[in-house]
Amino acid sequence: MEEFVLMKGNEAIAEAAIRAGTDGYFGYPITPQSEVIEYLAAAKPHERTGMVLLQAESEVAAINMLYGGAGAGKKVMTSSSSPGISLMQEGISYIAGSELPCLLVNVVRGGPGLGTIQPSQSDYFQSTKGGGHGDYNLIVLAPASVQEMADFVSLGYDLAFKYRNPVMIQTDGALGQMMEKVKFKPQQPRSKKSPDWATTGKTPDRERIIITSLDLDPSRQERFNEKLQVKYRTIKENEVRYEKIQCDDAEYLFVAYGTSSRICQKSMQMAREEGIKVGLFRPITLWPFPYNEIREMAGQVEGMLSVEMSAGQMVEDVRLAVEATVKVDHYGRMGGIIPSSEEIVEALKQKIIGG
Amino acid sequence: MTEEIIIAGFGGQGVLSMGKILCYSGVMEGQEVSWMPAYGPEMRGGTANVTVILSDNKISSPILDTFDTAIILNQQSMDKFESAVKPGGLLIYDGNGITRHPEREDINIYRIDAAEEATKMGSTKTFNMIVLGGYLKVKKLYKLESVIKGLKKSLPERYHHMIPVNEKAIHRGLEIIKEVATVN
């Protein structure tokens with residue numbers, strides 16, 4: 001039986017990556033997620049499982065190493081923070097367009113540009129609405145604890161291989177830097193088998209396998225896009241994940257993910273002490289977004305406050321979900337500032353209850 | 001029980017590791033814990049602080065504005081965090097380098113001259129363990145054996161020969177902490 005250990009969120013991702021049987025990690029250090037590659041370097045995964053750990057010369061190189069590794073059917077991952085993830089967008093689009101599985105971790109920091117190294121959630125649009133070019137979607141998982149940082153690594157790989165689609169863990173600097181207790185799953189062996197679509201070298205008994213995102217024939221490219229959309233619909237039908245906290249008697253609702261959802265839990269306790277019945281809806285998959293489940297809450301509550309460390313990005317999906325049947329507003333801080341639980345309660349009163 | 005603590009001082013004083021040992025002590029007794037350091041620009045100028053939460057229940061926000069206890073180890077931290085102690089809460093400080101002593105009248109204040117004591121003991125690195133001992137004397141949160149186990153978990157094995165001297169420092173802290181003013 002594994003026992004609890006104390007670890008930073010970033011370190012938990014790294015340890016979970018080794019235990020999930022990752023074949024290769026390719027990355028380039030950037031605050032606030034450098035502990036991922038630092039932990040891996042110290043843990044010597046090549047001695048534990050034979051896992052490759054490679055510090056690339058840039059984020060652009062790292063994502064293309066992922067593309068190659070994924071094409072060979074390997075379990076590959078990278079991690080970075082906002083500006084580094086922006087650099088990777090071309091490669092991410094190619095990987096999605098080639099229907100390859102991989103795991104991406106974005107420990108978000110304040111932007112735009114080089115921004116700041118403090119926590120933020122302002123990459124929601126980039127993660128959930130594209131980021132790179134073309135009609136593609138990432139599956140986006142949003143952990144809210146160090147335990148989930150660890151657990152979502154293997155969940156991420158499972159989903160990536162099930163749907164042959166890149167999966168992103170979108171977290172932030174606070175969850176990356178904080179320590180909580182965490183229990184790891186036992187070591188999984190690295191897979192010895194290759195998926196049948198992997199480019200592992202042609203044998204005489206079969207046709208060669210070609211992995212590409214290019215098809216110059218528009219009708220074939222349209223058919224491929226239609227196939228992708230069928231896959232995305234299947235994911236939307238089957239993979240929506242969320243958590244509802246104290247929603248049964250709720251008259252108002254916070255909608256928040258990641259670090260914001262943790263702060264909102266405290267705000268919820270404070271508001272309830274004042275007699276305000278507020279619940280918390282926490283999307284765990286940011287894509288596919290829990291539209292239906294939030295729409296159901298619209299019939300019950302008098303208003304919803306989307307709380308994000310951004311200028312208001314997820315709030316657009318909350319509004320889409322409820323289709324103007326209930327009041328929705330946004331509260332957030334930007335540029336690396338984390339809102340306090342007190343100011344969130346105040347925002348609920350002013351924007352939703354009194355507004 | 002939920003205890004919300006800020007530990008603040010200079011980088012190199014062992015602020016972060018003291019918080020980690022406290023968290024591991026809690027883990028040893030089956031508690032929920034969180035450890036949230038200030039990082040980045042807040043660290044510039046040599047200050048370091050960490051928010052530690054120890055609780056019987058699942059912890060909501062790891063980031064706080066007010067605290068049950070502030071452990072303050074330099075003047076900048078006094079200026080920043082004295083006002084953040086909840087009324088009726090606890091402030092522990094080391095008098096070394098403090099030019100403006102705490103002035104609140106609605107909180108419990110204890111002083112521990114750990115820097116001076118660590119020098120006397122000939123082991124300045126155990127400074128933070130003296131402070132930890134003082135805190136445990138006032139709050140009596142955990143059995144000493146859980147704290148020692150926590151210490152073992154926090155230290156890499158190559159430093160395990162240092163455990164006896166750290167244990168001695170914790171005991172010394174229990175002895176030398178002094179009450180300045182109490183409200184309850």
Side-chain angles (χ1 to χ4, degrees), chain A residues 3-10 31-35 42 81 107 109-110 115-119 144-147 172-183 245-246 254 256 258-270 280 307 309 333 335-344, chain B residues 2 4-7 15-44 48-68 84 86 146-147 149-158:
Chain A
E3 62 174 13
F4 280 114
V5 290
L6 271 181
M7 238 183 226
K8 289 186 175 193
N10 286 334
T31 307
Q33 67 77 55
S34 296
E35 289 85 359
S81 179
V107 185
R109 62 189 243 183
T116 171
I117 58 176
Q118 298 301 114
S145 65
V146 173
Q147 185 66 55
D172 63 68
L175 281 161
Q177 294 295 325
M178 73 184 278
M179 276 198 233
E180 290 184 311
K181 60 183 189 181
V182 53
K183 198 176 266 187
I245 303 173
Q246 290 192 272
F254 289 130
T259 293
S260 293
S261 73
R262 294 287 295 269
I263 301 165
C264 280
Q265 283 180 56
K266 184 131 188 146
S267 307
M268 194 171 70
Q269 292 162 11
M270 293 162 69
L280 170 65
V307 180
M309 297 189 288
R333 299 291 300 266
I337 300 287
I338 302 172
S340 73
S341 34
E342 288 85 359
E343 62 187 88
I344 293 170
Chain B
T2 296
E4 299 175 336
I5 313 159
I6 180 88
I7 310 172
V15 164
L16 300 182
S17 55
M18 179 181 161
K20 189 174 175 185
I21 292 161
L22 202 48
C23 283
Y24 255 128
S25 309
V27 172
M28 293 302 134
E29 297 199 7
Q31 285 206 303
E32 298 297 324
V33 300
S34 83
W35 179 98
M36 180 75 222
Y39 72 95
E42 277 191 84
M43 303 279 285
R44 308 261 159 86
N49 73 68
V50 61
T51 299
V52 168
I53 306 175
L54 312 163
S55 182
D56 298 330
N57 305 312
K58 205 174 158 201
I59 292 164
S60 55
S61 176
I63 297 143
L64 304 169
D65 282 349
T66 59
F67 305 92
D68 299 310
K86 295 178 196 169
S146 306
V147 179
K149 271 194 212 162
L151 183 62
K152 267 188 199 151
K153 282 285 209 174
S154 304
L155 285 177
E157 251 174 53
R158 64 182 185 278

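Chain identifiers are assigned alphabetically (A, B, ...) following the order of the sequence lines, protein sequences preceding nucleic acid strands; residue numbering begins at 1 within each chain. The figures that follow rest on heavy atoms only: side chains count, while hydrogens, waters and symmetry mates do not. Quantities reported herein were computed from a predicted structural model and do not represent experimental measurements.
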Tell me, do B/Lys153 and B/Lys149 make a side-chain contact under 4.5 Å, heavy atoms counted?
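B/Lys153 does not reach B/Lys149 side chain to side chain.
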
Interchain contact, B/Lys58 with chain A, by part (heavy-atom threshold 4.5 Å)
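Side chain only.
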
Please classify the contact of [X] with chain B as side chain, backbone, both or neither, using a heavy-atom distance under 4.5 Å.
X: A/Ile263; answer: both
X: A/Pro119; answer: both
X: A/Ala144; answer: neither

If I take atom CD from residue B/Glu4 and atom OG1 from residue B/Thr51, how far apart are they, to the nearest 0.5 angstrom?
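It is 9.5 Å, given to the nearest 0.5 Å.
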
Evaluate A/Met309 against A/Arg333 for side-chain contact (heavy atoms from CB on, under 4.5 Å), listing each step before the verdict.
CA-CA 5 Å; A/Met309 297 189 288; A/Arg333 299 291 300 266; 5.7 Å; no

Who among [options] has the most heavy-atom pairs with chain B under 4.5 Å?
options: A/Gln265, A/Glu180, A/Lys181; value: A/Lys181
options: A/Gly173, A/Ser145, A/Ser267; value: A/Gly173
options: A/Val146, A/Ile245, A/Val5; value: A/Val5

Please test B/Val33 against B/Val52 for side-chain contact (heavy atoms from CB on, under 4.5 Å), starting from the C-alpha separation and ending with a verdict.
CA-CA 7 Å; B/Val33 300; B/Val52 168; over 6 Å; no

Could you walk me through whether B/Val27 and A/Leu6 pass side-chain contact (heavy atoms from CB on, under 4.5 Å), step by step?
CA-CA 8 Å; B/Val27 172; A/Leu6 271 181; 4.3 Å; yes

List the steps and the verdict of side-chain contact (heavy atoms from CB on, under 4.5 Å) for A/Arg262 and B/Ile59.
CA-CA 8 Å; A/Arg262 294 287 295 269; B/Ile59 292 164; 4.0 Å; yes

